Protein chains: 2
Amino acid sequence: MRELFHPKIEQISLASLLYALGDPVRLEIVRRLAEQGEQPCSSLCCGVPKSTLSHHFKVLREAGVVFSRKEGTQRLNSLRKAELDGRFPGLMDGLLAVIDPAPPRIGATIDLLGGQAGRGREKRSPPHC
Amino acid sequence: MRELFHPKIEQISLASLLYALGDPVRLEIVRRLAEQGEQPCSSLCCGVPKSTLSHHFKVLREAGVVFSRKEGTQRLNSLRKAELDGRFPGLMDGLLAVIDPAPPRIGATIDLLGGQAGRGREKRSPPHC
DNA sequence: TTCAATAGTTCTGTTTTTGCGAATTAAAGA
DNA sequence: TCTTTAATTCGCAAAAACAGAACTATTGAA
């Protein structure tokens, strides 16, 4: 598990940020990180294959949305909220305010799917999660 | 030029909206519609092939971002701002506030490109622009 | 009415992404 | 060292993006 690439916050464009957020799975990840703080990938795996989730985290990381640090055998991800707030004032708060929380199933693992659209591309390279 | 499909505003998801906005060309289109009001596709064609632009407008339209009406030989596009404000309060304003305007070239056609990332998919079908 | 011009769309082929299962790597602990 | 857990990478099939070429619709002459 090698160290991961994190773009400098001033390098990220609004389009690439929105692109990263334009997927229901990734949006749900962001919502949970905002709500629950730092989380390992594994705590969000429900309903999505690991390899796919790894891809989504990579997209989020490369778009500057999340920061990942190694911690033993897992990787802890957190929102780069303060940095994003500095780069795009008000954007994340406005966004988090309108994310409708995925229907909560009491005490259960939550299905990350359910949204209806949003896929995309990137132009960068390194891996993730 | 047949009539176009416009989703009901309550049908659109945040993810699909963000997906549509997650492309530098589309983001620039949105910025200009917000700034200049209703515009034909042709007024935004600079630097992007017609067929590609048509695709981008289709994505925006199907994501509920723009409304298109026929007017003679052209199609006039406008932001569905009020509806979007109703569905996702504050989101578009927050977004428009942080779009950095493409470098203005005085009196010239503006190159729509220049951003660095953001592509995506959709799950719908009908055409556009 | 017929022709030409303009605005957009659709078609088609190429390239890029995505999503997922399978195999792999890394770290931690018996 | 062997196992378990966590996550990445590989490889393939399906989908989408892009852009050029061809097509359709509308307008405005001639």
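Not measured: the values here are computed from a predicted model. Proteins get letters first, then strands, A, B, ... in listed order; numbering begins at 1 in each.
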Handout entry: Between P of dT9(D) and CZ of F57(A), the distance in whole Å
Key = 15 Å
Completion exercise
Sorted by chain and number, sequence neighbours left out, salt bridge (Lys or Arg N to Asp or Glu O under 4.0 Å) with E10(A) holds for none
Handout entry: L53(B) CG - dA19(D) P separation (whole Å)
Key = 11 Å
Practice task
Kindly say if T52(A) contacts the phosphate of dC20(C), meaning a side-chain N or O under 4.0 Å from OP1 or OP2.
Solution key: yes
Handout entry: Note: E28(B)-R31(B) ion pair, threshold 4.0 Å (strictly below)
Key = yes
Practice task
Measure distances between side-chain N and O atoms of S51(B) and base N and O atoms of dG20(D), and say whether any donor-acceptor pair falls under 3.5 Å.
Solution key: yes
Handout entry: Qualifying ring-ring contact (aromatic ring centres under 6.0 Å, His included) pairs, either residue in residues 29-48 of chain B, two or more places apart
Key = none
Exercise for the section: Measure the distance from CD on E62(B) to C1' on dA16(D) and round it to the nearest whole Å. Expected result: 13 Å
Problem - Partner set under side-chain contact (heavy atoms from CB on, under 4.5 Å) for S51(A), not counting sequence neighbours - result: P49(A)
Exercise for the section: Could you tell me whether the phosphate oxygens of dA6(D), OP1 or OP2, come under 4.0 Å of any side-chain nitrogen or oxygen in K50(A)? Expected result: no
Handout entry: Listed partners of R80(A) passing salt bridge (Lys or Arg N to Asp or Glu O under 4.0 Å), at least two apart
Key = E83(A)
Problem - Distance in angstrom units between R75(A) CZ and dT25(C) C1', rounded - result: 12 Å
Practice task
Using whole Å, report how far CG of L44(B) lies from C1' of dA7(C).
Solution key: 13 Å
Handout entry: Any donor-acceptor N/O pair under 3.5 Å between dA7(C) base and S42(B) side chain
Key = no
Completion exercise
Between P49(A) and E71(A), the residue closer to the 5' end of DNA chain C by nearest nucleotide is P49(A)
Practice task
Identify the two heavy atoms, one from L79(B) and one from A34(B), that lie closest to each other, and give their separation to 0.1 Å.
Solution key: CD1-CB, 3.7 Å
Problem - Interatomic distance where NZ belongs to K58(B) and C1' belongs to dA19(D) [whole Å] - result: 15 Å
Report each atom pair, protein N/O against N/O of nucleotides 3-5 of chain D, whose distance is under 3.5 angstrom.
from: dT5(D); atom 1: O2; to: T73(A); atom 2: OG1; distance (Å): 3.4

Problem - Pair listing, ring-ring contact (aromatic ring centres under 6.0 Å, His included) test, anchored in residues 62-101 of chain A, at least two apart - result: H6(A)-F67(A)
Handout entry: OP1 or OP2 of dC18(D) under 4.0 Å from side-chain N/O of H56(B)
Key = yes
Exercise for the section: Figure out the CZ/P separation between R69(A) and dA27(C), and round it to whole Å. Expected result: 16 Å
Exercise for the section: Give the rounded distance in Å between these two atoms: NE2 of H55(A) and C1' of dC10(D). Expected result: 15 Å
